[in-house]
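The next block holds one structure in the form of structure tokens; read it before the comments.
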Amino acid sequence: MGVLSLSRRQFQSPYERFCTVLEHVMERLKLSTRERAMLREPQHEHAAELSLQRDDGSATVFPAYRIQFNNARGPYKGGIRYHSAADADEVKALAALMAIKTAVVDIPFGGSKGGVQCDPKTLSRKELQELSRAYVRAFAPHLGADIDCPAPDVNTTPEIMAWMRDEYEKVTRTYDPAMITGKPLSYGGSRGRDTATARGGFFILQELVDRDALDPKELRVAIQGFGNAGAAMAIFLHQAGYTVVAVSDSQGGIYCPEGLDPIRIQKYKKKTGSVTGEYCKGSVCDIEKMKLDHVRRVTNAELLELPCDVLIPAALDNVVTAENAERVQARYILELANGPVSPEADALFEERGVTVVPDVLANAGGVTVSYFEWSQGRSGEQWTDEQVDRELKRIMLDAYKAVRRTARREKISYREAAFLVGVQRIVTTMRARGWV
Ligand code: NAD
């Protein structure tokens, strides 16, 4: 591929990047024109403008979306993201990924996603609650346990899920604990949901490491993003003996070749708001303390290129592209974030023999435990931690094995194999239902 075409293609939108992989897979499966058309476009795209009365009495309008991609296999399922980049295209791409993901782990859901284009850091707690309730009022007719079941994503939390359930039950005058997942334990949540995304990714990484007869103690891991997914992953890996050499958040990161203690970092992040909080206040760092601990500050771009064996992007999308892929040193990349590696970077990694575990497999633990929460909400049962962990492991490893078998048989990457498994399952159901 020439330099010109590479640089032009870097500007693909998230949805275009999704389509790049989808088109390959649909061609390989020789799908009909109608099947391809149904898999390319969402079934419903809902949009609204949420008007929020601010604490100072002024009003701000925020664009909001709920995009329902495909429900052949069950109710739509997908998180709600609060972020300034959460526009219609990004939400559509994330909804499409959800449809593939639920099929890869073979749970009875379709795919959807929601978003509010806002910077939640500029909102007070009261404003955040009002915005979350406004989202539910705007989309209530399209939500429900049997219709479309939201969950947390970037910048949305169990507390926000609780406000949303409460608003939904008020508006619809129903009792519907399964209409949303990722709720607090005290209000219909499931054990293990808070760490599920990381736990699922951890099971897959362990399987890869075992397969390649590697010793976790000799593996260095760099993790971008220290939120729900990234922080829990750092802790699981540390506890299993891996050396977590770098972590970061939106304000940058820290690197220590000898290994960091993620539990300590989490404590400082809670206290200071940043993973660098133990060493730095804003841009002023305690250089002596950093020297003593063999720690240095790194940018988010530098983190991706550090010497390590496993790279785990766990923040935002499109961070590893044709521009920096050559400088990535890891042998394994586990996509805990959605869409962090671009199709061009994928191609370069394949040439170099770097294993990329794609988002639709690597981070599917979150939606899998959401499925457990949805089932518990419907039946009134309460699962134990052991039950959640055992079932999550079984589902993640079954999915991993299906993807690995397909990758070997077809001689394709894990990403294409995961899409192939997912698309095949969706199409089989669409055919059975007489849709195509
Ligand atoms: P979160 O909001 O809890 O955490 C996001 C983290 O990324 C924070 O540490 C934040 O500081 C950091 N960050 C923000 N901007 C950054 C930047 N420019 N550079 C580096 N770091 C930055 O979100 P989360 O729930 O952990 O989600 C992270 C990713 O994982 C997203 O792509 C999300 O779609 C994906 N994911 C999450 C879940 C889940 O259950 N939480 C499930 C599947 C996929």
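Computed from a predicted structure; not experimentally measured. Computed over heavy atoms, backbone and side chain alike; hydrogens, waters and symmetry mates excluded.
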#### Entry: cation_pi(Arg378, Trp374) dist<6.0 Å, angle<=45
yes
### Sole residue of Arg34, Met430, Glu23 in side chain to side chain contact (heavy atoms under 4.5 Å, CB included) with Leu39
Met430
### Message
Looking at Glu45 and Arg66, is any side-chain nitrogen of the basic one under 4.0 Å from a carboxylate oxygen of the acidic one?
### Response
no
### Task
Can you see which heavy atom on Ile412 is nearest to which on Leu420, and at what distance?
CD1-CD1, 4.1 Å
### Query
Does Asn324 reach the main-chain N or O of Thr321 with its side chain, forming a donor-acceptor pair under 3.5 Å?
yes
### Query
Does Glu169 pair with Arg165 as a salt bridge, N-O distance under 4.0 Å?
yes
## Note on the structure
What one should report as the nearest heavy-atom pair of Ala86 and Val116 is CB-O, 4.0 Å
#### Entry: Check ion pair Lys170-Asp166 (N to O, under 4.0 angstrom)
yes
### Arg17/Asp317 salt bridge by N-O under 4.0 Å criterion
yes
### Query
Listed by chain and number, what are the side chain to side chain donor-acceptor pair (under 3.5 Å) partners of Arg352, not counting sequence neighbours?
none
### Task
Drop me the distance from Arg28's CZ to Glu416's CD, to the nearest 0.5 angstrom.
5.5 Å
### Task
Check the side chains of Gln251 and Thr276 for a donor-acceptor pair under 3.5 angstrom, ignoring hydrogens and angles.
no
### Task
Would you please indicate yes or no on a ring centroid separation below 6.0 angstrom for Tyr135 and Tyr82?
no
### Task
Examine the side chains of Asp119 and Ser84 and answer whether a donor and an acceptor come within less than 3.5 Å of each other.
no
### Task
For His46 and Gln68, test the side chains for any donor-to-acceptor distance below 3.5 angstrom and give the result as yes or no.
yes
### Message
Assess whether a salt bridge exists between Arg133 and Glu130, defined as any Lys/Arg side-chain N lying under 4.0 Å from an Asp/Glu carboxylate O.
### Response
no
### Task
May I ask you to decide whether Asp106 forms a salt bridge with Arg73, counting only side-chain N to carboxylate O separations under 4.0 Å?
yes
### Message
Classify the ring geometry of Phe202 against Tyr242: parallel below 30°, tilted from 30° to 60°, perpendicular beyond 60°.
### Response
perpendicular
### Message
Distance alone, cut at 3.5 Å: any donor-acceptor contact between the side chains of Arg193 and Thr181?
### Response
no
### Message
If we count only N and O atoms by modelled type, under 3.5 Å, do the side chains of Gln224 and Ser248 hold a donor and an acceptor together?
### Response
no
### Message
Using 30° and 60° as the class boundaries, would you call the ring planes of Tyr15 and Phe18 parallel, tilted or perpendicular?
### Response
parallel
### Task
Determine whether the side chains of Asn338 and Asn363 contain a donor N or O and an acceptor N or O closer than 3.5 Å.
yes
### Query
Between Arg199 and Phe236, is NZ or CZ placed under 6.0 angstrom from the six-membered ring centre and within 45° of the ring axis?
yes
### Query
Are side-chain heavy atoms of Lys92 and Glu41 found at a separation under 4.5 Å?
yes
### Task
Please determine if Arg415 and Asp359 form a salt bridge, counting it only when a charged side-chain N lies under 4.0 Å from a carboxylate O.
yes
